[in-house]
Protein chains: 2
Amino acid sequence: MGDSSKRVRLDQRVIVDGVLELSRTEPTSRITFKRLGAALGVDATAMYRHFRNKDELTRAALDRLIGAAAEAGREAPGNWRSRIETFLFRLAELSLEHPSIASEGAVIDAAGIGDIAADELILEQLTEAGLAGDALIRAYAAISGFSLSQGAALAQEAMTVEGAARDGSIPWIGSYGVTNLAEYPHVYAHRDALFAISGMDVYRAGVAAILDATERAADGS
Amino acid sequence: MGDSSKRVRLDQRVIVDGVLELSRTEPTSRITFKRLGAALGVDATAMYRHFRNKDELTRAALDRLIGAAAEAGREAPGNWRSRIETFLFRLAELSLEHPSIASEGAVIDAAGIGDIAADELILEQLTEAGLAGDALIRAYAAISGFSLSQGAALAQEAMTVEGAARDGSIPWIGSYGVTNLAEYPHVYAHRDALFAISGMDVYRAGVAAILDATERAADGS
DNA sequence: ACCTGAACACCGTTCAAGT
DNA sequence: ACCTGAACACCGTTCAAGT
């Protein structure tokens, strides 16, 4: 009473909004109930009335990101490939925007409606590409696995590195330490090119490889 | 004095041995300094004389796994593709054998000699495949990114799920909850095939996609 | 019905003290 | 030189108490 705190009536949506806001404004610090509670003007333990535990809360937040990326993919112009590309790159953007959430991505298997929407998008677009049966399921698996794990990897980098570049421009290989590279001639020969690789370059290379393979499978079917 | 504890003289190698042993025998519990100290017959804080912090210790342990997988790849018979395949699948096996270490994989950028050995193997085999220049670097990026992030994802599953299947046979999609799938016709149509996908299926699909794309790039060069 | 706040069982990490 | 153990600042989570 009296103070104009940010206290609002809590529900799952408001809490997930808060988590996403927190992960955006404080990208390098872990999400804790204490910080989340402070941001929402509520006690740290108030969340337990709405989520069973922190894992469920993290799942719900991640599900929102995946759902948003799926929506962007669905609305993208062009053919099936450009729609799946848009989904994957929007997910990368959102992962870099909310690193402390997205970095937990590898943990989670599909559960919420965002995940289902993403699965629907991928299956729909692959069907449009002409895939069916086992080949469709394999292509789905490759793309789905990529999106969860590689988005998480990108986010982990953004969270770990100080100064947190939000564009994925963090070097993939920081250094090879003091190791004498004489025993590793190929690494030595390409060391400049290797140091120039960014996390987003790795992501891009993965997307291109998986969609090239998918396109080839579709053409051959 | 007097008790036959497992106390040994500590050094980095002994500690990493202990971490790997612990992550193998207790796959579902997190690595803590207390548990590690108990296993080594030493106080929980004794590790700080040998590693700056827990992150460095985790890095060193993961580096060992990657190095072992690289060695397996190097010794594999066949052509460049089967050697890279062996590396990736051996890494998957080791990730499932040491889930609590491998699940941290996405965090880490190359630093130790295991990482360098893996980079050397990949570059060497891709060169043998006929790749050079930008195409070589792109193929390296796709494979390297895959190995770190997807191995971590596989391990996360194995750690989370009770009864911890060590063969990657955990379902990729646990369930779609209570959601009405009527709005998601493609998901609904393929629901049985989707539920049948295991974590290792996803890994296999990713390996096949990336190496298919690499082979195609090599043939076209 | 919903939120608070004390309490509990952990964590990683630091540092003075032991040997 | 290396390890111990107390101490600190956190965590997630539970639960009785408030309103």
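Letters go in sequence order (proteins before strands), and every chain restarts at 1. FYI, side chains are in, hydrogens and waters are out, and symmetry mates aren't considered; it's all heavy atoms of this structure.
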What is the distance from [atom1] of [X] to [atom2] of [N], rounded to the nearest Å?
{"X": "Met47(A)", "N": "dC3(C)", "atom1": "CE", "atom2": "C1'", "value": "11 Å"}
{"X": "Gln12(B)", "N": "dC2(D)", "atom1": "CD", "atom2": "C1'", "value": "15 Å"}
{"X": "Asp43(A)", "N": "dG18(D)", "atom1": "CG", "atom2": "P", "value": "16 Å"}

Taking the six-membered ring for Trp and the full ring for Phe, Tyr or His, determine whether the centres of Phe146(B) and Phe146(A) are under 6.0 Å apart.
no
The single option from Ile197(B), Ile173(B), Val207(B) passing side-chain contact (heavy atoms from CB on, under 4.5 Å) against Val202(B):
Ile197(B)
If you measure from CD1 on Ile101(A) to CG on Leu65(A), what distance do you get to the nearest 0.5 Å?
7.0 Å
List for me each residue that meets side-chain contact (heavy atoms from CB on, under 4.5 Å) alongside Leu10(B), sequence neighbours excluded, and say none if there are none.
Val14(B), Ile15(B), Leu40(B), Val42(B), Ala46(B), Met47(B), His50(B)
Are side-chain N/O atoms of [X] and [Y] paired as donor and acceptor at under 3.5 Å?
{"X": "Ser82(B)", "Y": "Glu85(B)", "value": "no"}
{"X": "Trp172(A)", "Y": "Ser144(B)", "value": "yes"}
{"X": "Asp119(A)", "Y": "Tyr140(A)", "value": "yes"}

Intra- and interstrand pairs of DNA chain C - dot-bracket, Watson-Crick/G-U under 3.5 Å, | marks other strand:
||.|||||...|||||.||
Does dC3(D) have OP1 or OP2 under 4.0 Å away from a side-chain N or O of His50(B)?
yes
Does atom CG of Leu22(B) have more than 12 heavy-atom neighbours, drawn from other residues, nucleotides or ligands, at distances under 6.0 Å?
yes
Base-contact (B) and sugar-phosphate-only (S) positions in nucleotides 9-15 of chain D, heavy-atom cut-off under 4.0 Å, - elsewhere:
--SSBB-
Closer to the 5' end of DNA chain C via nearest nucleotide, is it Leu10(A) or Arg49(B)?
Leu10(A)
